[in-house]
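Here's the structure we're looking at; comments come further down.
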Amino acid sequence: MDAWGDPHRSAPLASRILVLNSGSSSVKYQLLDMRDSTRLAVGLVERIGEETSRLKHTPLTGGESREQIAPIADHDAALKAVAEELAQDGLGLDSPELAAIGHRVVHGGMHFTDPIVIDDAVLAEIKRLIPVAPLHNPANLTGIRTAMALRPDLPQVAVFDTAFHTTMPESAARYAIDVKTADEHRIRRYGFHGTSHAYVSRETAKLLGKAPEDVNVIVLHLGNGASASAVQGGRCVDTSMGLTPLEGLVMGTRSGDMDPAVIFHLMRVGGMSTDEIDTLLNKKSGLIGLCGDNDMREIRRRIDEGDEQARLAFDIYIHRLKKYIGAYYAVLGRVDAIAFTAGVGENAAPVREAAIAGLEGLGLAVDSDLNAVRGDESRLISPRSARVAVAVVPTDEELEIATQTYALVGKSDD
Ligand code: AMP
């Protein structure tokens, strides 16, 4: 038995994990106790570097949420402010009960197939991947460096969004372009939202009362960003996001799939620059580009009022979703379950109903009453008689990062 589970050890065991998700101007955090996977505190710092930075901290051990709006100059100041908030609740980062800090890192390339304790070589590799993740990896690196400066003695673990997808066969991961060019620029399908796809596919197996190795699942992670994955016996065999998170499903503000020649056309005929097109496709497309709203609640409200533009945006979103369900059904050959997750997947019953409608031939159906039930628990929404289970499985990326971090530092302490 490892030291972490040794009942004879008298010293208190370090069982807390701080999970940090650092964006360019924000830090989301959660402190968890891994003895029972409970959350002790959650919070968010946003608008870092602005006059109106906001820190919202919610202790979950008792007490009210606290919010402050005041300038927070940089990530270092942000993390120090977080440490102060946690200390007020008796959860200070200097506590011996803190076992490690787990960092979400968006891009791990093909190099990182598992979470890893961060050292100089790991930092260098995350930095080397900046060209394929220019928006995310620099911010993740800043968060890591800041946390390392604050607690240099503590294991810091990187958990990569791409890691779960590194099991994809080359036939799914390669684009059909010149191999030399692709290799030179490390162009391939990497996939993202990996911690969510890993967690949800495992939870779906649990819901079916089976081992992950025994089930094939199509996971539909439908949040503001959205991605689908085909998971065969616990291993990812295909996913919809690619070199970057732009490919695949229609998203809140991203276009997802389209003919790449649209880009040449916009350059040659539209006179647009690379940056303008980047912004157009990542920030001004998808649902917001189609109808002006990216929140599915607002789109449904407009549809109920007879708004045609919102209806068309919804229909395009559903059409793409159906195409991926069909594609991944074929990739997997046998499907045991389809799992809906993330903001839209967990909450928007009309999206789930419309995505599955007409797929009876594939053994897929949704029971309207079950689909209408709201809740935080994983649940089946397909009729008992259905050949393939359709499920709503709330995702928990922070818990997954904490679980992977704890497993790693527990192991290295053997
Ligand atoms: P996420 O990125 O997973 O946080 O998902 C955010 C998105 O979930 C929002 O932009 C909404 O489109 C969607 N969403 C959240 N709550 C609901 C709800 N109750 N009904 C429909 N969509 C929702």
Side-chain angles (χ1 to χ4, degrees), residues 19 21-24 26-30 39 42-44 46 56 58 104 106 135-136 161 191-201 203-204 219-229 239-241 244-246 248-256 282-305 307 309-318 320-321 339-356 366 368 370-379 381 391-401:
V19 176
N21 183 350
S22 308
S24 55
S26 69
V27 178
K28 287 189 205 134
Y29 63 93
Q30 292 198 2
R39 257 162 264 256
V42 302
L44 164 72
E46 52 190 355
K56 184 168 184 203
T58 307
R104 175 186 183 214
V106 168
L135 297 180
H136 296 103
D161 262 24
F192 299 89
H193 293 144
T195 48
S196 177
H197 287 283
Y199 177 82
V200 170
S201 56
E203 288 296 305
T204 307
V219 179
L220 302 171
H221 176 112
L222 311 177
N224 197 30
S227 63
S229 70
T239 193
S240 60
M241 283 178 167
T244 77
L246 183 55
L249 300 172
V250 176
M251 311 185 205
T253 66
R254 299 192 192 112
S255 63
N282 274 298
K283 304 235 164 84
K284 298 183 181 170
S285 297
L287 292 171
I288 207 156
L290 288 166
C291 73
D293 273 308
N294 62 334
D295 192 314
M296 195 51 84
R297 286 164 287 202
E298 187 58 19
I299 291 171
R300 290 303 311 174
R301 195 192 58 71
R302 284 173 55 185
I303 291 172
D304 290 342
E305 286 177 355
D307 185 319
Q309 208 187 1
R311 173 90 248 166
L312 180 59
F314 183 84
D315 289 348
I316 294 168
Y317 184 95
I318 297 295
R320 184 83 51 87
L321 205 47
F340 286 90
T341 195
V344 176
E346 291 168 30
N347 296 300
V351 168
R352 299 191 295 254
E353 189 176 334
I356 301 298
V366 161
S368 308
L370 293 176
N371 192 31
V373 175
R374 301 188 65 86
D376 299 334
E377 302 289 316
S378 296
R379 55 199 184 273
I381 57 169
V392 179
V393 179
T395 193
D396 195 335
E397 289 168 277
E398 290 78 15
L399 176 60
E400 179 69 15
I401 292 170

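Note that ligands are numbered from 1 as they come in the structure, with each ligand's atoms numbered from 1 the same way. Excluded from the calculations below are hydrogen atoms, water molecules and symmetry mates; all remaining heavy atoms, backbone and side chain alike, are included.
Within the 3.5 Å criterion, the main-chain N or O of A342 finds no donor-acceptor partner in the side chain of T395. In this structure, T239 contributes its side chain and A228 its backbone to a donor-acceptor pair below 3.5 Å. Side chain of R379 to backbone of E377: a donor-acceptor contact under 3.5 angstrom is found. Judged by distance alone, with hydrogens and angles left aside, the side-chain atoms of S22 form no donor-acceptor pair with the main-chain N or O of V27 at under 3.5 Å. Side chain of R352 to main chain of E346: a donor-acceptor pair is present (N/O by atom type, distance under 3.5 Å, no hydrogens or angles).
For ligand 1, residues of the protein lying within 4.0 angstrom by heavy-atom distance are G223, N224, N294, D295, M296, R297, A342, G343, V344, N347, A348, R374.
The closest side-chain heavy-atom distance from K28 to E397 is not below 4.5 Å.
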